[in-house]
Number of protein chains: 2
Amino acid sequence: MSETKDRPYHHGDLRRALIDTALAMLAADQNWTFTLREVARRTGVSHAAPYKHFRDREMLLRELARIGFVRLGEVMTAALSSDSASVREKFVAGAEACIDFALKNPGLYRLMFSADADKSADPALHDAAMGTFGILLRLLEDGQRDCSFQPVAISAQAAACWAQVHGLAMLAISGQLLEEKVGKEPVQAALNVLLEGLCREK
Amino acid sequence: MSETKDRPYHHGDLRRALIDTALAMLAADQNWTFTLREVARRTGVSHAAPYKHFRDREMLLRELARIGFVRLGEVMTAALSSDSASVREKFVAGAEACIDFALKNPGLYRLMFSADADKSADPALHDAAMGTFGILLRLLEDGQRDCSFQPVAISAQAAACWAQVHGLAMLAISGQLLEEKVGKEPVQAALNVLLEGLCREK
DNA sequence: CAACATAAGTTTCTCCTGTAAACATGGAGG
DNA sequence: CCTCCATGTTTACAGGAGAAACTTATGTTG
């Protein structure tokens, strides 16, 4: 209650409020067409106020994407560390966490990989994305160390896994999975195909 | 020369002209922010003319996406049929053709899988996408028939392959491949990992 | 063959967005 | 206490989506 209005500056922590509003809208609306004015409106400020905190529309989008990568990293890390399971089981858990995240936050996930979130334009965004990617790399290293995974170049395995999981996530979002042409448990099944090639022993 | 102005109706085959202009712009401009007015302008007509051929902006976008799927199907089919190679080689050729297509037409490829090209809103688009997907299905069937691929549910293999190739394509477009964290030939390497799980004999 | 119905294209208008510039305000430091 | 500056607000302008009304060529029909 005492923190209902923790506004460090003159009116409020508008930057935070704008981000929260935008994230909420992104979560609520499946394919939300992003407008700065609408965000400002719902935050209860004038349409020009956001420009005091973000140079332009894209800068806010990139910040949202950055937060998305951080959160994705969190859910994946949580999925990995929860069990004292095998590396293979961890891998599946991480992949499912990622796809689950994408399905629950389709707008945010799309944004994270869209052209609007230009990673070369924002080091913080780039770092966040690489940090999340690093989770996969460490998992693969663990797998190779304990001889669960084949001793192939990590980069190749990483590319394959990242592409696979990201591809599944995108297809799932697009509704091109879980439908006529694919089976009932396409994610599990597809991961198994990948794991056949990844793991040492069948 | 006699067909320089094959205009069935009153002025020209504007529908075709608009599509061509839009495709050209999509190809030229890496991350082109699509505006109907700009397309109309470059086609040399008033900004309201397109509305006589497309109900709205999205309808044109969906048609562009549809054409994209048709073209992708063509290049993949060409890649498959060129050689009398093994199924595995054909698979690699098809995958590389897809990724190559994405790299050469990043704007179009992104559009094809973006929320703007809502497949549930356009049967023709849906059919085109499924047609391209069918190429993969038939290849997998061939592979299972001649015992190159494991006798797993086709849907699982299809989901895995589609996700993998699409994921690689998206990552390649985003510039997240071919870089620091992945090796020099990430596509080949990643496909190999997948094929390890796909193929019967190592 | 002339009159016309209509497809195709143009003008005009309204509402919305992004963004810049000028103006206002209130809290912190001298 | 007064002033400065970060954080707002208002106002303004250039574009875009799309609707409605207006215009023109073209194919059909009496």
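Each chain gets a letter, A, B and so on, in the order its sequence line appears, and its residues count up from 1.
Here D:dG8 is the nucleotide among D:dG16, D:dG8, C:dT19 with the atom lying nearest to any side-chain atom of A:Lys52. In this structure, the nucleotide among C:dG9, C:dA20, C:dG18 sitting nearest to the side chain of A:Leu36 is C:dG18. If you check C:dG9, C:dT17, C:dT11 against the side chain of A:Thr35, the one that comes closest is C:dT17. Comparing C:dG9, D:dT7, D:dT9 by their closest approach to the side chain of A:Ala49 singles out D:dT9. Side-chain atoms of A:Asp56 lie closest to C:dT19 of the nucleotides C:dT19, C:dT10, D:dA17. Considering only the side chain of B:Arg57, D:dG18 comes nearest among D:dG18, C:dG9, D:dT10.
Where B:Val45 and A:Arg41 each meet DNA chain C at their nearest nucleotide, the meeting point lying more 5' is that of B:Val45.
In this structure B:Phe149 satisfies the ring-ring contact (aromatic ring centres under 6.0 Å, His included) test with no other residue, sequence neighbours excluded.
Atom-to-atom, NE2 of A:His53 to P of C:dT19 comes out at 16 Å; the value is rounded to the nearest Å. In this structure, CZ of B:Phe34 is placed 19 Å from P of D:dG15, rounded to the nearest angstrom. We find that CG of A:Leu18 is positioned 12 Å from C1' of D:dT7, with the value rounded to whole Å. At whole-Å resolution of the value, OH in A:Tyr51 and C1' in D:dC13 are 13 Å apart. What separates CZ of B:Arg42 from P of D:dG16 is a distance of 11 Å, to the nearest Å. Taking atom CE of residue A:Met59 and atom P of nucleotide C:dT19, one finds them 12 Å apart after rounding to whole Å.
Contacts of A:Phe54 with the nucleic acid, taken as non-hydrogen atoms under 4.0 Å apart, are absent. A:Arg55 comes within 4.0 angstrom of no nucleic acid atom, judged by non-hydrogen atoms across all strands. A:Ser46 comes within contact range of at least one nucleobase, with a heavy-atom separation under 4.0 Å.
For the pair A:Lys119 and A:Phe69, the cation-pi test (distance below 6.0 Å, angle within 45°) is failed.
Between the side chain of A:Arg15 and the base of D:dT7, no donor-acceptor pair under 3.5 Å is found. A donor-acceptor contact under 3.5 Å is not formed by the side chain of B:His47 with the base of C:dT11.
Applying the 4.0 Å criterion to OP1 and OP2 of D:dG18, one finds that B:Arg37 has every side-chain N and O outside that range.
Ion pairing of B:Asp142 with B:Arg138 is absent here, as no side-chain N (NZ or NE/NH1/NH2) approaches a carboxylate O to less than 4.0 Å. Between B:Arg42 and B:Glu38 there is a salt bridge, since a side-chain N of the basic residue sits under 4.0 Å from a carboxylate O of the acidic one.
By the 4.5 Å heavy-atom criterion applied to side chains, B:Phe54 and B:Leu18 are counted as neighbours.
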